[in-house]
J.: 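Please see the structure below; I have some questions.
Throughout, protein chains are lettered first and strands after them, A, B, ... in sequence-line order, and every chain is numbered starting at 1. Quick caveat, the model's predicted, so the values are computed rather than measured.
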There are 2 protein chains.
Amino acid sequence: MFSGAQISLYPMTDDFVGVILGAIEALEPYRPSFRIETDDISTLIVGPPEQLFPAMRDLFVKAAGSGVHCVLAATVSRGCPGEPDDPICAPLGPSAHQLPLAARIDAAVAHVSAANRTGQDVAAQFSLYPLGNGHHMDEIYGCIAFLKQSGVFDRSKNFCTRLRGDAGLVFATLSEAFLRFGAPEGHVALDLKVSANSPSAA
Amino acid sequence: MFSGAQISLYPMTDDFVGVILGAIEALEPYRPSFRIETDDISTLIVGPPEQLFPAMRDLFVKAAGSGVHCVLAATVSRGCPGEPDDPICAPLGPSAHQLPLAARIDAAVAHVSAANRTGQDVAAQFSLYPLGNGHHMDEIYGCIAFLKQSGVFDRSKNFCTRLRGDAGLVFATLSEAFLRFGAPEGHVALDLKVSANSPSAA
């Protein structure tokens, strides 16, 4: 199953190039696991589905550590039928989908409570799109039930859900939403924005 | 049918607040048609589906006119089953879905060739998600066939398609993709990034 993300980092400063180049160093530990390609709009990472959100977390926490207002935007995908199967995307562990919806929610909550904190507060909003089956709203409502127990649920907005809290917990929550909901081998996409140091944050 | 977008504008400059406040003036002509709500992550616009992309175009062209590297990111949605029906979202014209796929492609190409140019070059990438039916890949492949004839097709990337050209044509192409593909009353989401003045553009 193909899995990966198109990631963009937006530091709101004249020195955006410096902040981006500094943050990219945080991806070094992931390079052996990922195929990485960059153009002027985004950076593609292709690799194991369990490592996508940890890599984005480390990239974003490094950028946000500069103190400037930064946003990470990403389009994350698994199981896209238009993509070739790729050995680099082999999951690191067993499927997270064997259980019924209620048990998957409990497992996701347990994973998030065990996640390491980073010391960086973030606000995030995202949409989850389970594609190509007739039950997509069941999976979305199941995912929302998990989010409300995650400890970082902020509120629902039109078209998306807001999270808020430590980056370690927020990215762990996003990863659980991506890995555990939607059909096991199905096509799932996730549209994400994460923000730090915003002058207009409440 | 509910329709709207969560829009974020990212000017890569120390004066990002000034650029954003200046650009928001471009939304004034649309205020009577839209409900608009802003928080620290995005601005929601809810209104007629045909006006969503013209409003985003005018906002982005105003921001890009500052000369700084700017990105607009948006999550655009129509027909989301979790949203109430809202009279403000009534389409301005008849449905764009009466025709078979091949005829919809021709109509979309004709609309884009008639679009006004703005003088602002942009690069864009987006993903279209027709949700909740078994034929989502047919509609995606039909949409891709249209994009290749749009005059602003750049290339396919993993998980998304790149467009490049005058903002008038690029936003017209995005609007056609959103309005004409996917089930007529179905749930369609579109994940978009548009970039201008990037120092790393080829």
J.: Output every pair passing salt bridge (charged side-chain N to carboxylate O under 4.0 Å, His left out) with a member in residues 13-34 of chain A, not counting sequence neighbours, ordered by first then second residue.
T.: A/Glu25-A/Lys62, A/Glu28-A/Arg31
J.: Under a 4.5 Å heavy-atom cut-off, does chain A meet the side chain of B/Ser42, its backbone, both or neither?
T.: both
J.: Please check: side-chain N/O of A/Gln125 versus main-chain N/O of B/Ile41, any donor-acceptor pairing under 3.5 Å?
T.: no
J.: Between the side chains of A/Ser198 and B/Asp40, does any donor sit under 3.5 Å from an acceptor?
T.: no
J.: Which pair of non-hydrogen atoms, one from A/Ala73 and one from B/Lys193, has the smallest distance, and what is that distance?
T.: CB-CE, 3.7 Å
J.: Give the minimum heavy-atom separation between B/Gly4 and A/Phe159, together with the two atoms involved.
T.: C-CE1, 3.3 Å
J.: Measuring only between side-chain heavy atoms, which start at C-beta, is B/Thr13 closer than 4.5 Å to A/Thr13?
T.: no
J.: Who pairs with B/Tyr129 by ring pair (Phe, Tyr, Trp, His ring centres under 6.0 Å), at least two apart in sequence or on another chain?
T.: A/Tyr129
J.: Would you check if B/Phe2 and A/Asn158 make a side-chain contact, meaning some heavy-atom pair closer than 4.5 Å?
T.: yes
J.: If you define the side chain from C-beta out and look only at heavy atoms, does anything of A/Pro11 sit under 4.5 Å from B/Phe16?
T.: no
J.: Which answer fits A/Thr75, side chain, backbone, both or neither, if we ask what part of it has an atom under 4.5 Å from a heavy atom of chain B?
T.: both
J.: At a heavy-atom separation under 4.5 Å, does A/Ala74 approach chain B through its side chain, its backbone, both, or neither?
T.: backbone
J.: For the residue pair B/Lys157 and A/Leu44, establish whether any side-chain heavy-atom pair is separated by less than 4.5 Å.
T.: no
J.: Less than 4.5 Å apart, side chain to side chain, heavy atoms only: is that true for B/Met12 and A/Val17?
T.: no
J.: Measure the shortest side-chain to side-chain distance between B/Asp191 and A/Gln6 over non-hydrogen atoms and say whether it is less than 4.5 angstrom.
T.: no
J.: Tell me which of these, A/Ala123, A/Ser195, A/Ser156, has more heavy-atom pairs under 4.5 Å with chain B than the rest.
T.: A/Ala123
J.: Over 60° means perpendicular and under 30° means parallel, so classify the ring planes of A/Tyr10 and B/Tyr10, tilted if in between.
T.: parallel
